[in-house]
Amino acid sequence: MFLNFFKKFFSSRNDKILNKLNIIVDKINKLEPTYKNFTDKRLKKNTLIFKKRLKNKEKLEDLLVESYATVREASVRVFGMRHFDVQILGGIVLNNLCISEMQTGEGKTLTSTLPAYLNALSGDGVHIITMNDYLAKRDSDKNKILFEFLGLTVGLNLPELSFSKKKKAYLADITYGTNNEFGFDYLRDNMVTSKKNQVQRKLNYALIDEVDSILIDEARTPLIISGEERDSSKLYIKINKIVLHLIQQEKDDTEEFTGVGDFFLDEELKQVYLTERGLIKVEKILVQKKIMNQNESLYSSTNIKLLHHIISSLKAHKLFIRDIDYLVQGQDIVIVDEHTGRIMKGRRWSDGLHQSIEAKENVLVKNENKTLASITFQNYFRLYKKLSGMTGTAYTESFEFRTIYNLDTVVIPTNRPMIRRDLSDLVYMTEKEKIEAIVKDIQKCYRTKQPVLVGTVSIEKSELISKKLSILGIKHNVLNAKFHKKEAEIIAQAGKIGAVTIATNMAGRGTDIILGGYFENKNLNQKDTNIKNKNFNITHKDWIKNHKLVLSVGGLHVIGTERHESRRIDNQLKGRSGRQGDIGSSRFYVSMEDSLIRIFSSIKIINLMKTIGMKYGESIESSWIDRTILNAQKKVENRNFDVRKQLLEYDNVINEQRKVIYKQRNILLNKDHILNTIKDISKDVFLSVIEKYLYLNDAKSSLNNLFCLEKFLLKKFHIKIVFPDYFKKKSEYYKNKILNLILRKFQINYFIKENLIGFENMRNIEKSIMLKKLDLFWQEHLSDMEYLRQGIHLRGYAQKDPKLEYKRESFIIFSNMLESLKYEVILELSRINLSQFDPYGNKEVNYKFSIDNKYLKKARKYFLKNKNIEDYCIEYDNLTKNTLRNSLCHCKSGKKYKHCHGILK
Ligand code: ADP
């Protein structure tokens, strides 16, 4: 009911939007005759004119009509392709912080040129985000011709680029690359120690191709840059043994049926929980093995990590299945993406899960990684001033796009009516019967030479079907999303007569299947139809023959071997057929053993199937079953949405902190020096030191307290100070004076050092110490936050809301971190050892020894204000008093000491 209402509401709203936008399309069309008469040079000049108008405070929106008409005319001249009106519609939507839903084959690549051109006019950069490097290169190569024709530059951001090439790619008007690469560059830019090593400019406009895949499917795995941390492989191996033991016992118990186990699984949520009995048992073993102390609880805060190890090892054994969730390749565990079946080489599960699986599979347990920087895609893309995306399948996720990214979804009509036949699902009792039926369907197509695309949910399923086809002698291709370029070429030919292609969901996505096989469009405009297509040895005439042949056998037939957890992925598969008004068909096969049915649908459907009493190999088609499957899919979609939302809610906390730290970092990088910051934070630090000491013991022993403070300052900060006796009696009263005295002493010490090593050097040292500490503390903080997050669900037991607790505690941890950071910076600056910067020890430091008056003045301005310079001189004397006045100065200036560093004596 709700769905129908939503559909109606959505479509009438969609129609209203489209009606409005069509008025703009008309305006663009009206410009066509004028632009047609322009010479190429004049058309190109439009770019300059638009740029100028923008500078004169016109808005981007004011230029939309003219700029889109310019791009369309340029495309006609360069590609021989005139943007269809629906593509213009899609392009307008993309400029409006929206997602364009456009079916496969509708020409999204060409559509993207419109908003990319318009938004690049500002000169702030446009990023076009693709799913893999192959597509980035393909699309940039293609569209570059058009953009350059109009006088814009295009860059390609690939992982292997050198620094200077990467920087150049970012400086281009339009830059192509993958979400991973842009995200990682952002993180890396916030780890560099000099501004000139940053590659990105401000994040202006991002246009994401296959936006659902990037913002939804990939949103659960954050981008992480990590460095290796301590070796805890032994612990993983030990815990693995304990868990194996537990699982074995559980099996024995189950056979006897004791009723209570040591743990239970929640397959739906992919969670494992220890029962009370399991907990006691594990604690006992851990104590026996001396991994945990007697009388301790696994739930105590000190053992949170151990508990976490146990849980992740249990997960590794019970919820992660080899060849479905991961592959073992040599000594590596390689993740298989659960939504797409794509192999994610190099990615590792976090929270110790990867190590637990390594221990389970008896391969080398790699060191645990320490997160140096991380961000979710949600939060990365929200950094752009303007965001938009396009895909064939967005509508089912429009709620998520709206709530998380503030993006509306607009469904663009197809250029020609869609005539693909979507046949209803065939439902079997067992997987075996289902596979047999699928193979029969393929065989039928093969006989009539109808091209067929078989979509599977995993590599394992692809291989199973492939084996069966080989036995029957059916020639076919298998794609596993491993080799993007090669697979794109194969998928481009999947519409050839008699072609059989088996592909996991992701394989070849982004490449259009043309009936009759791939044929480069450019040639379609050529009058001479006998010219051979440059990549494929075929003439246009032959291609038309092939195309017609495929049409005569019914176009592309798509077979879904399973209903996917998400309707969107099923729609993507279907959408491979029926492009640009082609004929075609699709059919999904389902069995009662499919995990979607087994886990998520009601037991009623399985019982019903049993009561019907179906014979082996028989299937049923029923709208009731279709509805049940749909409900199961919606259930999973909601669950996945919740998981992503939860991730985001937790990530938002750290995101705010990340913003603070990165902002500080950028200020640090951009400033010439941070002397004033150092001054400010030294005040904070010493004030908190004083406060700690004044109340160290009770007020009566304030004398003792100040005495301790003196000792502490000397030991830690190398500040020698003796407070007058009358301070000691009433220390609280003199708090401000005490602070001023300390600050003054600190500044004098500081100044002496500065004088020795030079103003510039000191400023560099300040900056580098601050930066180093900031990074170090931030990284530590990321680990702390991870542990907090892992342990936070335990608060649920204490009737507290884990999310609120997480927010509260992370705030405290963050404030403490900032306090410690300030403290450490001042501490390190107070303790810089001058010999570190001695020319004998460190040749790189540029010495500036003579004390000139200009310098003294500057120093006085910063530190001493109107105070007497005498203080400084006395300290300076003390430092150098052991040198004989007539001996050569230690700075190797060649001058006598009395004329050089001893000049003030
Ligand atoms: P999508 O990404 O939407 O699936 P593509 O961008 O791959 O589609 O385009 C599909 C095919 O349609 C390409 O071969 C492209 O050259 C062609 N095409 C796109 N727009 C036009 C147009 N306006 N006129 C002619 N051919 C077009």
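In this chain, numbering begins with 1 at the start of the sequence shown. All ligand and atom numbering here is 1-based and tracks the order in the structure.
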Can you name the atoms of ligand 1, numbered from 1 with element, that are less than 4.0 Å from a heavy atom of Thr104?
4 (O)
Aromatic contact between Tyr35 and Phe38, with the criterion being ring centroids under 6.0 Å apart: yes or no?
yes
Report, in ascending order of atom number, the atoms of ligand 1 lying under 4.0 Å from any heavy atom of Gly107.
1 (P), 3 (O), 5 (P), 6 (O), 8 (O), 9 (O), 19 (C)
Using 4.0 Å as the upper bound for N to carboxylate O, is an ion pair formed by Asp85 and Arg72?
yes
Out of Glu210, Met81, Gln87, His83, indicate the one that has the non-hydrogen atom closest to atom 20 (N) of ligand 1.
Gln87
Exactly one candidate in Thr393, Asp212, Thr396 meets side-chain hydrogen bond (donor to acceptor under 3.5 Å, both in side chains) with Arg568; the answer is Asp212
Candidate with minimal heavy-atom separation from atom 10 (C) of ligand 1, of Leu110, Asp85, Asp512:
Asp512
When you check the side-chain N and O atoms of Gln580 and Asp512, is any donor under 3.5 Å from an acceptor?
no
Option set Glu106, Gln103, Arg579, Gln580, criterion heavy-atom distance to atom 12 (O) of ligand 1, minimum
Arg579
Could you tell me, atom by atom, which parts of ligand 1 come under 4.0 Å of a heavy atom of Arg82?
22 (C), 23 (N)
Which one of Tyr170, Tyr176, Tyr205 satisfies the ring pair (Phe, Tyr, Trp, His ring centres under 6.0 Å) criterion with His127?
Tyr170
